[in-house]
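Along the sequence shown, the residues carry numbers beginning at 1.
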Amino acid sequence: MSNLMSNYSPLNVTFTSGSGCWLTDTSGKKYFDALSGVGVVNLGHCHPKITQSIIEQSQELLHTSNWYRIEHQEELAVRLCKLANMDKVFFSNSGAEANEAAIKIARLFARQKNIDMPVILTAKESFHGRTMATLSATGSSKVQAGFSPLMSEFIHVNFDDVEAIKKYSDNKNIVAVMLEPIQGEAGVIIPQHDYLNQVQAICEENDWLFILDEVQSGMGRTGKLFAHQYNDLIPDVLCLAKGLGNGVPIGACLAKGIASEMLIAGTHGSTFGGNPLVCKVALSVLDVFEEDAILDNVNEMSDYINDQLKKNLEHCSVVNQIRVKGLMIAIGLDESVIDCTQLLQKALDDELLINITGNSIRILPPLVITQQEVDILIKKIIKLINA
Ligand SMILES: *Cc1c(COP(=O)(O)O)cnc(C)c1O
């Protein structure tokens with residue numbers, strides 16, 4: 001019995017404290033959090049520098065509204081633009097809202113081009129959020145079920161298929177392509193290496209905006225600060241959230257060139273967006289990335305985890321694929337051999353937090369994971385799969 005709406009179906013466990021990769025429940029049991037609150041608590045639970053930053057900022061100032069200049073917001077914008085090679089930022093409270101801003105940018109871009117019925121190409125199996133616009137952009141009928149009429153401006157094409165996008169080159173209504181560099185909710189789907197480069201080239205040729213949703217793949221998750229940096233390219237629009245605040249709600253829509261000029265006074269806004277607290281915390285997150293060489297750890301632990309997974313699991317009949325990019329990891333399972341629906345509870349019974357998406361185990365451990373903790377994680381996964 002609960003007074004909460006039934007849109008979530010939480011596992012029957014309540015956590016009261018956390019530290020690094022570990023969470024403690026109401027009975028004192030410790031769990032390995034191999035999901036980081038779904039890719040949010042990338043620096044681990046209650047990172048001391050983040051905690052300190054929250055304490056200090058909350059003693060100074062929490063909120064003023066965007067009717068006044070916000071020092072930390074301006075500073076965070078400078079830092080993010082420098083890191084991502086972008087020009088301007090709009091701050092939101094979530095990933096969906098960062099994507100909403102990107103979609104509004106694409107609409108205003110269409111106005112400028114005198115396109116009345118703009119269309120954005122997105123990928124099948126993609127996930128962009130739960131608002132009406134972002135669920136319409138999302139390529140999943142499960143997310144969309146019950147919410148029609150959807151926004152009609154999205155056409156869903158196969159992911160990792162350049163030709164599927166090229167086909168629309170003659171369509172005068174297309175204004176943008178919006179993609180996750182690696183599909184997260186779909187189960188860590190990693191495209192061929194030059195996919196993004198080829199899509200960007202098509203966008204350039206046709207004067208379409210190239211929008212990347214790095215809400216999940218960004219903020220160091222893949223071993224670079226942003227996943228698209230593996231491709232040595234710069235998108236027109238880049239959306240961030242999840243790991244940006246390590247647990248405080250902040251999202252960001254970054255844009256470059258003409259895309260960065262679209263949102264002018266009165267066209268968009270958010271009451272909470274980019275308030276002093278969340279921006280201070282995000283600045284501290286960026287500090288920790290530098291001071292603690294987080295990306296080095298991601299890459300070292302990624303190699304180690306990859307080796308260990310392959311060594312221990314590749315020969316298992318249940319395992320049909322192991323997908324690893326940085327610490328964005330999935331283990332594809334053969335459903336004819338194993339019942340995936342039981343795995344979440346089985347893992348919980350062994351004090352392990354993971355995600356099951358489709359027929360894959362998805363693992364997004366904190367980026368501060370140590371080699372010893374990887375060993376614990378691998379042992380638990382082997383046990384889970386062989387149970
Ligand atoms: C989680 C996620 C979102 C939605 O973010 P919210 O903060 O839940 O609105 C959007 N895009 C991607 C790729 C995500 O992983």
Side-chain angles (χ1 to χ4, degrees), residues 20-21 33-44 47 79-80 82-86 95 160 179-197 200 212-235 238-246 252 254 282 285-311 321-332 354-355 360-375 377-378 381:
C21 296
D33 183 3
L35 201 55
S36 309
V38 199
V40 169
V41 194
N42 282 359
L43 302 178
H47 189 290
R79 294 266 300 268
L80 285 175
K82 205 169 186 182
L83 289 165
N85 241 307
M86 302 299 267
D160 198 15
L179 296 171
E180 297 160 86
I182 293 173
Q183 290 188 328
E185 296 306 299
V188 187
I189 309 301
I190 306 168
Q192 295 161 58
H193 179 68
D194 67 344
Y195 173 62
L196 292 182
N197 299 88
Q200 187 183 38
L212 289 181
D213 176 353
E214 292 231 37
V215 168
Q216 188 163 152
S217 61
M219 296 315 294
R221 176 52 58 191
T222 67
K224 290 198 185 277
L225 195 56
F226 310 113
H228 71 267
Q229 291 173 331
Y230 280 104
N231 293 78
D232 198 24
L233 58 76
I234 303 167
L238 173 66
C239 295
L240 305 174
K242 292 205 163 97
L244 181 56
N246 210 55
L254 290 76
V285 167
L286 294 178
D287 288 343
V288 172
F289 266 88
E290 285 174 19
E291 290 162 14
D292 298 2
I294 297 296
L295 293 178
D296 291 345
N297 191 61
V298 175
N299 289 307
E300 274 172 46
M301 290 306 110
S302 175
D303 287 346
Y304 184 63
I305 251 182
N306 196 25
D307 287 348
Q308 291 297 311
L309 285 175
K310 294 211 158 126
K311 203 169 86 191
Q321 206 182 31
I322 294 168
R323 301 184 289 276
V324 177
K325 191 78 176 178
L327 291 175
M328 201 168 177
I329 301 159
I331 303 164
I354 51 163
N355 170 245
S360 294
I361 297 175
R362 181 171 52 147
I363 303 169
L364 307 167
L367 308 183
V368 294
I369 192 171
T370 63
Q371 185 163 328
Q372 257 175 334
E373 287 168 331
V374 169
D375 289 336
L377 174 60
I378 297 280
I381 299 273

message = With a 4.5 Å cut-off on side-chain heavy atoms, are Leu196 and Leu212 touching?
response = yes
Minimal non-hydrogen separation, Ile369 against Pro365, with atom names = CD1-CB, 3.9 Å
task = Step by step, work out the side chain to side chain contact (heavy atoms under 4.5 Å, CB included) result for Leu367 and Asn297.
result = CA-CA 7 Å; Leu367 308 183; Asn297 191 61; 5.7 Å; no
note = dist Lys242:NZ -> Ser217:OG (nearest 0.5 Å) comes out at 9.5 Å
query = Less than 4.5 Å apart, any side-chain heavy atom of Leu179 and any of Tyr195?
reply = yes
ask   = Are any of the side-chain heavy atoms of Leu254 and Glu214 separated by less than 4.5 Å?
value = no
inquiry  = Ignoring hydrogens, what is the shortest heavy-atom contact between Pro366 and Val41? Give both atom names and the distance.
reply    = CB-O, 4.1 Å
message = Could you measure the distance from the CG atom of Asn231 to the CG atom of Asn197? Nearest 0.5 Å is fine.
response = 4.5 Å
inquiry  = With a 3.5 Å distance limit and no angle check, can you tell me whether Tyr230 reaches the backbone of Thr222 through a side-chain donor-acceptor pair?
reply    = yes
ask   = Can you tell me how far CG of Leu35 sits from CD1 of Ile361, rounded to the nearest 0.5 angstrom?
value = 12.0 Å
query = How long is the span from the CD atom in Gln371 to the CD1 atom in Ile378, to the nearest 0.5 Å?
reply = 10.5 Å
ask   = If every non-hydrogen atom of Leu43 is compared with every non-hydrogen atom of Asn246, which pair is closest and at what distance?
value = N-OD1, 2.8 Å
inquiry  = Set out, in order, the CA-CA distance, both residues' side-chain angles and the distance that settles side chain to side chain contact (heavy atoms under 4.5 Å, CB included) for Leu286 and Met219, then state yes or no.
reply    = CA-CA 9 Å; Leu286 294 178; Met219 296 315 294; 3.8 Å; yes
query = For the side chain of Arg323 and the backbone of Ile331, is there at least one donor-acceptor N/O pair under 3.5 Å apart?
reply = no
ask   = Given side chains that start at C-beta, do those of Met86 and Leu80 come closer than 4.5 Å, heavy atoms only?
value = no
ask   = Between the main-chain N or O of Leu295 and the side-chain N or O of Asn299, is there a donor-acceptor pair closer than 3.5 Å?
value = yes
Heavy-atom side-chain proximity of Asn42 to Leu364 below 4.5 angstrom = no
task = Say whether, by atom type as modelled, one donor and one acceptor occur between the side chain of Asp160 and the main chain of Gln192 under 3.5 angstrom.
result = yes
ask   = OG of Ser360 to CD1 of Ile354: how many Å apart, nearest 0.5 Å?
value = 11.0 Å
ask   = Closest approach of Val374 and Met301, non-hydrogen atoms and distance?
value = CG2-SD, 3.9 Å
request  = Could you grab the distance from atom CE of Met328 to atom CD1 of Ile363, nearest 0.5 Å is fine?
outcome  = 12.5 Å
message = More than 12 heavy atoms of other residues, nucleotides or ligands under 6.0 Å from CD of Glu291: yes or no?
response = yes
inquiry  = When you measure from the side chain of Arg362 to the backbone of Asn355, do you find a donor-acceptor pair of N or O atoms at a distance under 3.5 Å?
reply    = no
key: Backbone of Gln183 reached by a side-chain donor or acceptor of Gln216 within 3.5 Å   = no
Check: Gln200 side chain, Ile234 main-chain N or O, donor-acceptor pair, under 3.5 Å = yes
task = Please confirm whether the backbone N or O of Gly184 pairs with a side-chain atom of Glu180, one donor and one acceptor, at under 3.5 Å?
result = yes
Any donor-acceptor N/O pair, Gln229 side chain to Phe226 backbone, under 3.5 Å = yes
query = With side chains defined as the heavy atoms from C-beta onward, is the minimum distance between Leu244 and Val215 less than 4.5 Å?
reply = no
ask   = Between Cys21 and Glu373, which heavy-atom pair has the shortest distance, and what is it?
value = SG-OE1, 3.5 Å
message = Do Ile182 and Ile189 have side chains that approach each other closer than 4.5 Å (heavy atoms only, starting at C-beta)?
response = no
inquiry  = Strictly distance-based, threshold 3.5 Å: is any side-chain N or O of Asp33 a donor or acceptor partner for the main-chain N or O of Ser36?
reply    = yes
ask   = With a 4.5 Å limit on heavy-atom distance, are the side chains of Val188 and Ile329 in contact?
value = no
message = I need the minimum non-hydrogen distance between His47 and Asp292, along with the two atoms involved.
response = NE2-OD2, 3.5 Å
